[in-house]
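Here's the structure, in structure tokens; my notes come after.
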Amino acid sequence: MNSEPLLLATPSGDALKLRPEGPWTAANVTRLETLSRSVGAEVERSRIVTLDMSGISALDTLGAWVLEKLSRRAASAGRSAEFVGVADHFSGLLDEVRQVNRHTPPPAAAPNPVLLRLGDLGKTTVDAREDVTIFLQMLGALFMAVIGVLRRPRTLRLTSLVYQLYRIGWQAIPIVVLITFLIGAIIAQQGFFHFRRFGAESYTVDMVGILVLRELGVLIVAIMVAGRSGSAYTAELGSMKMREEIDALSTMGLDPVDVLILPRVAALVIALPILAFIGSIAALYGGGLVAQFYGDMGPAIYIARLHEAISVTHFEVGILKAPFMALVIGIVACSEGLRVKGSAESLGRQTTTSVVKSIFLVIVLDGLFAIFFASIGM
């Protein structure tokens, strides 16, 4: 009896007979792998491969698996392979090994587009509910902080409030004036260009005055503040969250809402109406310059027409929206900052989300106010 394994290969035309002999066990693993590789090319070339198992004296799982790999190699090349002469005490082991990795997963069915859309809708609904919950929680925390300040006015962090007013108010005036001036000039130019066909150039002043004071003045300023100051708030609070500074405040017994969020939101509520007023004046001034140089309308006529077209009500409608828009921007910016995780990617994602949500909610809020003021006759 052979003391080491052998593998005899006998080709016959397009058929190949393999006869393993000796002990095909794990003790001879190196020898078994060498024998298997030596006949690999012949197995792939032959049309019929027969493995005669009658010469094997000992067989374990590893030896059976090496022989099974030869059989599968032939099958993968499109050849037929079969075992013959298998002893009864080896047949059970071979049957078990031949079942290994045979169960291929069924092909994935094409996803139903309707179910995919329903799944996306459900996920969006859950996310929206979570956003609303976080918004209301932040609103409630701010309300409690305001109650605490009214009870104990000395707890108001006046230095932080003034600094935030300087940042988001005073420093924002140049860019707000520039943008709103251009917006007013563009509206006036388009109005004169199109109304001139009907001989109604004077109505351009009505359009500029009403649009700027009621809608565009506060809306454009709110969008600019959301992009400029809202993103800054989210980035600042997110960086503090990443460096665990907010947790440190809580450990020291300080409420992060009182220390970090209330001064920022209060500064927004105070600064946005002022910026909206300045922006509206800049837009009206831009419209006046266009009326003078493009519409041949002198300043006196422009001002007189404005006086006839607009009233204090139009100004009140625009200014009343500003504090609510500022509150929405502040709450969204601060809540998104507190949702930042411990990575720079999370900080960038939440900052982007903050700006998008703020602008969306500002526009929705402006539409709701427009419906409300129309319903009460303002």
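Note that the numbering runs from 1 along the sequence shown for the chain.
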> Between Arg339 and Asp131, is there a side-chain N and carboxylate O pair less than 4.0 Å apart?
Replying inline: yes
>> Whether Glu316 and Arg214 form a salt bridge (side-chain N of Lys/Arg under 4.0 Å from carboxylate O of Asp/Glu) is what I want to check.
In response: no
> Yes or no on salt bridge (Lys or Arg N to Asp or Glu O under 4.0 Å) for Arg157 and Asp258, after CA distance, side-chain angles and deciding distance?
Replying inline: CA-CA 8 Å; Arg157 298 183 176 271; Asp258 294 336; over 6 Å; no
Indicate the atoms forming the closest heavy-atom contact of [X] with [Y], along with that distance.
X	Y	answer
Lys241	Gly337	CB-O, 4.3 Å
Val355	Gly227	CG1-CA, 4.2 Å
Ser280	Leu213	CB-CD2, 4.0 Å
Ser354	Ala333	OG-CA, 3.4 Å
Phe192	Thr204	N-OG1, 3.4 Å
Val332	Ser358	CG1-OG, 3.5 Å

Report yes if the side chains of [X] and [Y] come closer than 4.5 Å at any heavy-atom pair, otherwise no.
X	Y	result
Tyr233	Leu268	yes
Val205	Met297	yes
Ile168	Val225	no
Asp366	Val362	no
Glu245	Leu249	no
Leu211	Met207	yes
Lys321	Leu365	no
Val340	Leu237	no

Can you establish whether the number of heavy atoms outside [X] located under 6.0 Å from its atom [atom1] is more than 12?
X	atom1	answer
Phe277	CZ	no
Phe373	CZ	yes
His194	NE2	yes
Tyr285	OH	no

>> If you apply the rule side chain to side chain contact (heavy atoms under 4.5 Å, CB included), what do you find for Ile303 with His307, and how did you get there?
In response: CA-CA 6 Å; Ile303 295 174; His307 182 71; 5.6 Å; no
Roughly how far, to the nearest 0.5 Å, is [atom2] of [Y] from [atom1] of [X]?
X	Y	atom1	atom2	value
Arg129	Thr124	CZ	OG1	13.0 Å
Gln164	Leu262	CD	CG	11.0 Å
Ile331	Gln137	CD1	CD	12.0 Å
Ile278	Ile274	CD1	CD1	7.0 Å

>> For Leu327 and Leu139: C-alpha separation, side-chain torsions, deciding distance, then whether side chain to side chain contact (heavy atoms under 4.5 Å, CB included) applies.
In response: CA-CA 9 Å; Leu327 183 63; Leu139 181 62; 4.2 Å; yes
>> Show, in sequence, the C-alpha distance, side-chain angles and deciding distance for Ser229 and Ile329, and conclude whether the side chain to side chain contact (heavy atoms under 4.5 Å, CB included) test is met.
In response: CA-CA 9 Å; Ser229 302; Ile329 294 170; over 6 Å; no
> Taking the six-membered ring for Trp, are Phe369 and Phe324 ring centroids under 6.0 Å apart?
Replying inline: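 Between Phe369 and Phe324, the centre distance is under 6.0 Å.
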If hydrophobic clusters are built by linking Ile, Leu, Val, Met, Phe, Trp and Tyr wherever their side-chain heavy atoms come under 4.5 Å apart, do [X] and [Y] end up in the same one?
X	Y	value
Phe135	Leu368	yes
Met325	Val364	yes
Trp170	Val269	yes
Leu136	Phe143	no
Ile246	Leu347	no

> Should Gln171 and Tyr166 be marked as a side chain to side chain contact (heavy atoms under 4.5 Å, CB included) after you check the CA-CA gap, both sets of side-chain angles, and the distance that decides it?
Replying inline: CA-CA 6 Å; Gln171 291 185 341; Tyr166 169 76; 3.1 Å; yes
>> Run Arg349 and Glu336 through salt bridge (Lys or Arg N to Asp or Glu O under 4.0 Å) and show every step you take.
In response: CA-CA 10 Å; Arg349 181 171 58 251; Glu336 292 299 327; over 6 Å; no
Table please: side-chain donor-acceptor pairs of residues 173-181 below 3.5 Å, with sequence neighbours left out.
residue : atom : partner : partner atom : Å
Thr180  : OG1  : Val176  : O            : 2.6
Thr180  : OG1  : Val177  : O            : 3.3
Thr180  : OG1  : Gly279  : O            : 3.2

